[in-house]
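Notes follow once the structure below has been shown.
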Amino acid sequence: MATKTPAAKTESVLSLRQKLARYSTVRNWLLLLVFWEIIGQLRLVADGALPAPSAILARMWVDWADYPPHIWATLEGAGAGFLIGNAVAIAAGVLFATFPLTQRLARGVNVALFALPPIAVSPILVITFSDMTPRIILAAIGCYFVTMSATVTGIQQTDRRIVDVVHAYGGRQWKTLIYAQMRSAIPAILSGLRVAAPNAVLGSILAEFGGGGRFGLGVYLIGSLGRGEPDRLWGIGLSATVIAGLAYLLFSLIATRLTGTSKAVTVPASPPAPKAEKSMVLTLALGTVSFALPFLLWWLMLAIMGTPAMIAKTPVGLFDYLFMMPSSLVSLGKLATALGQTLPMTMVGMAVGLSFAFALALCSVLYTAIIRGFMPVALVTQTMPLVALTPLLVLILGRGPSLILWITVSVTFFPAFVTMAQGLSMVSRAAIEVPKAYGAGPFRQLWLVSIPASLPYLFAATRLAVPRALLGVMIAEWLATGKGLGNLLNQSRGYLDYGMIWSVSVVSVLISVLFYQIVVAIEQRVLSKRGMAPAQ
Amino acid sequence: MNAEHGITINQVSRSFTGRGTLVQALSDVSLDCPEGSFTALIGPSGCGKSTLLRLALGLDAPDSGQVLISGMTPQAAAKSGKTGVAFQDAALMPWRTVEDNILLPLDVLGRKRSAYHDEVAKLVKLVGLDGFEKALPGELSGGMRQRAAIARALVTRPEILFLDEPFGALDQILRRQMNVELQRIWMESNATTLLVTHGIDEAIFLADRVVVMQSKPGRISRIIDVPFDRPRTPDLFAHPTFHALEKEIAEALDGH
Amino acid sequence: MNAEHGITINQVSRSFTGRGTLVQALSDVSLDCPEGSFTALIGPSGCGKSTLLRLALGLDAPDSGQVLISGMTPQAAAKSGKTGVAFQDAALMPWRTVEDNILLPLDVLGRKRSAYHDEVAKLVKLVGLDGFEKALPGELSGGMRQRAAIARALVTRPEILFLDEPFGALDQILRRQMNVELQRIWMESNATTLLVTHGIDEAIFLADRVVVMQSKPGRISRIIDVPFDRPRTPDLFAHPTFHALEKEIAEALDGH
Amino acid sequence: ASPFAFQASWINDAEFTGYFVAMDKGYYAEEGLDLSYASGGPDVIPESTIIAGKADLTLTTPDTTIKAIAEQGAPFKIIGTQYQKNPIGIVSLASNPIKSPEDLIGKTLAVPPVNVISVEAMLKISGVDRSKINIVPYAYDPTPLIKGEIDASLDFTTNVPFTIKQAGADATSFLLYDFGFTIFNDTVVVTEETLKSKRKELVSFLRASRKGWEENLKDTTVYPPKFADSWFKGTGRSIENELFFNEAQKSLIEAEGGIFSMSEEAIEANIKALAEVGIAAKREYFDTSLLEEI
Ligand SMILES: Nc1ncnc2c1ncn2[C@@H]1O[C@H](COP(=O)(O)OP(=O)(O)OP(=O)(O)O)[C@@H](O)[C@H]1O
Ligand SMILES: Nc1ncnc2c1ncn2[C@@H]1O[C@H](COP(=O)(O)OP(=O)(O)OP(=O)(O)O)[C@@H](O)[C@H]1O
Ligand SMILES: Cc1ncc(C[n+]2csc(CCO)c2C)c(N)n1
Ligand SMILES: [Mg+2]
Ligand SMILES: [Mg+2]
């Protein structure tokens, strides 16, 4: 027979459990730190190329006077970009979710913005704008797609029953948005912001490589690169990580508080979305416009900004370059060769990146403290510019496929992971309790309920990851292997071969759009079979 | 009959193509609920009662036929704030407290919350949720959630009230209490009311007319008038005419 | 009483701290359901019935006291596949068809679906969902969803069955039918059954014992034995003892 | 004063000390120029900035500039050169020395992708088979060289040897220039348009800049420390590094005809070296007339 315990005591026991969970997260952080310290002290990784945290701190202490203006400048660029990018993203997400047609029309532009290689965009931004503007733009672009996607997903996943209540009182789009959709999308949007934070910091830093400005962690990093002093580079990288990490933490805390009250109390069983009438003509028309729109915008932008023709290839100029000039055959040959080198790794990278993200997301449910412990590491991969990290990676992994994979995964997994984890956390308790009542362990709960219930998030995550895979491979090629599209792009910069720069950019965007489109097609089949609302 | 201020459902049909099969949820259904009338809708599970309500609320459109609420389209009526509804499922917003959930229709209609302060307190008391004003839906029992939904349906003092099995999750005692209260509110407000219920006794106790539906296809099979005066008291349940009506409705439900 | 194979609830208490307020959902509740017994749980909304079931299913832990199912912890019992449950909310997985939803417990328990092919077909027919096997929950009416949940509760041929207001959304005719069917299944399987219901008549018709609860704090106020032999037929509803019992339970509910 | 925009080719380091001196000493102002100075960086393509009109004048790598003129008809003119000898060279560790192009055979050499063409030219001129060398990308971080992951890298010989010494190793290096790739670097480039419209300002710029460089090279140890809290503030580099750089670049900058001058022989050598890699440079790409006006 059990002893009676006063209820109050149970409450304190419960909160003790929560404290324990928090404690084990902190403990994991400490463990990680100690582990890193040991590795660094004993010079276990790459003959000491990975410095110990204590060495990094010591170095930061020495360099401390240098930091404030750099941190401040990066904060300014990243902060403004974050605000602007996310404001636009949320507004666009609302528009897209409310009028799905607009989303289909804008898809080309959206994916293009997301998939454009920063190494191609940054030089153009730098000659088009001055001062902080390139940084703000690149940071904003880094935020736009993730937050926009998150907003759309969040709004689309709003419980139909609640929407019906608002509708029943004559609330239309606007009111529905305010009272139902926005609020229920907040956790998803916050997950978008969580990913956007490191993206903004990295975006600002990357644009700082474009020079002009004297200050910014990116400027500092470039100056420090040539010193061969990893502890300095890590100090800079970790400063960026801390900036992004604080934002991440803030949004995580808010999200954690809100997620509980955002998920349905009872399992929603709303009528499946009516099967969209498949009009071939409409689909084709939309597809064409969506495809043409980025080209149109591209043309318009160049016309407005008056970028000189030698630098700014218009679509027609590019066509000429690729098909009409004497050198076209050579150019096409180079492109084809590069593509042949890049594409296979992209496929592998995509698969591995997604699997990794998925595994992490599952672990975030199964082993919360471990994943939280891992988060700082994940954030480092998102904020540490690869220019600085690659030399270390090269020392560890060489310059072969494993390095390409590593870089590709690091560029792909994070948004996908955060999105999936958010999806899993949104599954209503009532749904999970069904298998639980039949003794299902955490794995079965995931397999039978949480995963299928969060399929829309899973696909949203996949859509985030897929365009990035190509980018990852390109970065690895540019920094380490000297092959493929990434190298071609960088080399073309040195030759002032703007035709090729634009060609590579366009090809990489087209491929990303293609992958994205494939995911959307699969998503539509899978989700509509299950009566879920797929992406438009 | 005053079609201008009541509910007019005119030869409405609605079918669904679910996974491969076609379900005729409503087939040529016509029903007039004059202003101030109280109509109970009763029928087997799946006969189209909720579908009919969704059409009347403008949440769904009929394949053919027409629904007019106060002479307006359902959407327009909803927008004008004339209607109130409690769905079969409580459909509370999980992030709003009980009180805020009850206030939701006012927010949507753009009415001032402050003007309804007393009303809300009264309604919370009426549905027995006093002390739970600040509770979130996730902290309530099934029946408590349903009661919050009832309060929400009443908060706008609707002229037209749709209730889809509002008392399904309540115990009999509470249910009786709520029946009496609903009658009182109805008599005070004179709201045209359409109540979906599975309780034959409840239907008779509350309604002027009991509309009996049949399924496959969903249709109205009989309309039975209830002759009792108002206010009706719980004694009525023992009334012989009451029993006769109960039997008649049960038989109508049985397909006789 | 055979605690080894039934349900033993021993001095269980459970309280919740919602938004600042403390709710004593269960206070020192003890109940033994011997093997093969049929117990009906009746009580006002919010008195802790669902909470008690959740404790028995291992979905929640008591602050104090102990729950044993077949002599095991609730979790162990659930895992062994002995238990079946229909929640107050149908809780169907919206992406699974009716059939797949019914099969869910088998998937959880790792049992072969194929071995249950006939069983599922029989259950679908029993709950009147034939023709809707491939429908998704969103394409069903409220009552139809609840019926699918009942079928799901029965599919594992459980030795111990928990039903939380399984017939709340059904019309009276269907409800009676389901009552009769449930009795038949219970008699065949001899499953220890705990049924939460708001229907006093239903409780008497089905149960060996009716447990009446009171709220604030949630507790058992009376246990009333039902003396009727099995199988019980719908005639019973007219039996004078039946009426007497009804009255007794109603009074117990009223707090007498 | 006329506004005049100058785009540097890299972040602020000793490579640009001459201009810093000229600015701080007011040489540009004396010449009637209101100079605005923009630092460069890895994502700045100097030629782009003058095409886009963001700068009037910039410093470039001549192979890039000339290739663009020859193959795309880019409207550039080279009006001077900062480095008579390109400071770019093959840097290796003294413990694993690579002293000549032949030594590269069978080795791994890291080269910024934009400079692969220069290396290929040097190899061709030296008769070394390109395919026997493993060329990998280089992104200005010498760590892989220090750790031995690569055998050599292409970098500024005025700079990296210092870094390597700091890391506790000794460096060996040779200039591509010394093995036949006889080109300038940090060539002073303007558009034809600017050349026409701002000739006066260009001459003024060259004059003031030359003065600045001369002042700096008088004693290479004077100015870098002075700029510690201004031009070199927060670059992440050290003043010792800039001192080394400043000293090392002295001999590469100084010219008989005065700083920035381009002798006919030197221009010829550039054209010849570039011809080896199929870049058809012409004399007319170089405009020495402004130098004469200084
Ligand atoms: N969105 C939908 N898609 C497909 N079928 C639907 C849909 N909505 C309702 N149906 C079908 O229409 C019929 C009527 O459903 P409705 O919800 O109106 O029944 P009901 O009378 O309210 O039943 P209950 O008393 O069980 O709530 C059912 O057979 C249901 O399967
Ligand atoms: N998770 C929770 N947090 C806070 N309070 C809770 C929680 N779950 C239940 N309660 C409270 O416990 C009490 C009992 O709830 P329970 O769901 O057991 O009632 P019930 O008897 O099933 O009622 P009903 O017949 O309405 O379903 C209620 O007052 C409810 O507010
Ligand atoms: C002091 C200094 N200046 C420039 C570079 C960058 N860099 C090295 S090689 C190369 C290409 C030819 O100019 C460039 C731009 C550097 N690393 N250090
Ligand atoms: Mg219904
Ligand atoms: Mg309950």
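Here is the naming used below: chain letters follow the sequence lines, and residue numbers restart at 1 for every chain. This one's a predicted model, so the numbers in the text were calculated from it and none came from an experiment.
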Count the heavy-atom pairs under 4.5 Å between each of [options] and chain A, then report the option with the highest count.
| options | value |
| --- | --- |
| D/Ser48, D/Ala139, D/Pro144 | D/Ser48 |
| D/Ile146, D/Asn241, D/Ile117, D/Val160 | D/Ile117 |
| D/Ala38, D/Ser238, D/Gly73 | D/Ser238 |
| D/Gln7, D/Lys54, D/Lys233, D/Lys67 | D/Lys54 |

Measure [X] against the heavy atoms of chain D and call it side chain, backbone, both or neither at under 4.5 Å.
| X | result |
| --- | --- |
| A/Arg493 | both |
| A/Leu206 | backbone |
| A/Ile311 | side chain |
| A/Ala46 | backbone |
| A/Ser130 | both |
| A/Thr307 | neither |
| A/Tyr321 | neither |
| A/Ala480 | backbone |
| A/Tyr495 | both |

Tell me, for [X] versus chain A, whether the close heavy atoms (under 4.5 Å) come from the side chain, the backbone, both or neither.
| X | answer |
| --- | --- |
| D/Ala74 | both |
| D/Phe232 | backbone |
| D/Ile150 | side chain |
| D/Ala167 | neither |

At their closest point, which heavy atom of [X] faces which heavy atom of [Y], and how far apart are they?
| X | Y | value |
| --- | --- | --- |
| D/Lys147 | A/Asp47 | NZ-O, 2.9 Å |
| D/Ile11 | A/Gly223 | CD1-CA, 3.3 Å |
| D/Thr64 | A/Gly494 | CG2-O, 2.6 Å |
| A/Tyr220 | D/Gly234 | CD1-O, 3.6 Å |
| A/Ser224 | D/Gly236 | OG-CA, 3.7 Å |

If you count heavy atoms of other groups shown closer than 6.0 angstrom to [atom1] of [X], is the number above 12?
| X | atom1 | result |
| --- | --- | --- |
| A/Met301 | CE | no |
| D/Glu193 | CD | no |
| A/Leu329 | CG | no |

Between the main-chain N or O of [Y] and the side-chain N or O of [X], is there a donor-acceptor pair closer than 3.5 Å?
| X | Y | answer |
| --- | --- | --- |
| D/Gln72 | A/Leu496 | yes |
| D/Arg237 | A/Gly226 | no |
| D/Thr163 | A/Gly228 | no |

Got a second to check how far [X]'s [atom1] is from [Y]'s [atom2], nearest 0.5 Å?
| X | Y | atom1 | atom2 | value |
| --- | --- | --- | --- | --- |
| D/Thr143 | A/Leu225 | OG1 | CG | 8.5 Å |
| A/Arg227 | D/Asn159 | CZ | CG | 10.5 Å |
| A/Thr390 | D/Asp141 | OG1 | CG | 9.5 Å |
| D/Ile51 | A/Tyr498 | CD1 | OH | 5.0 Å |
| D/Glu149 | A/Leu395 | CD | CG | 5.5 Å |
| A/Asp497 | D/Glu71 | CG | CD | 8.5 Å |

Selection from [options] maximising heavy-atom pairs under 4.5 Å formed with chain D:
| options | result |
| --- | --- |
| A/Arg214, A/Met310, A/Arg232, A/Gln491 | A/Arg214 |
| A/Asp66, A/Leu392, A/Ile119, A/Leu479 | A/Leu479 |
| A/Asn487, A/Val394, A/Thr128 | A/Val394 |

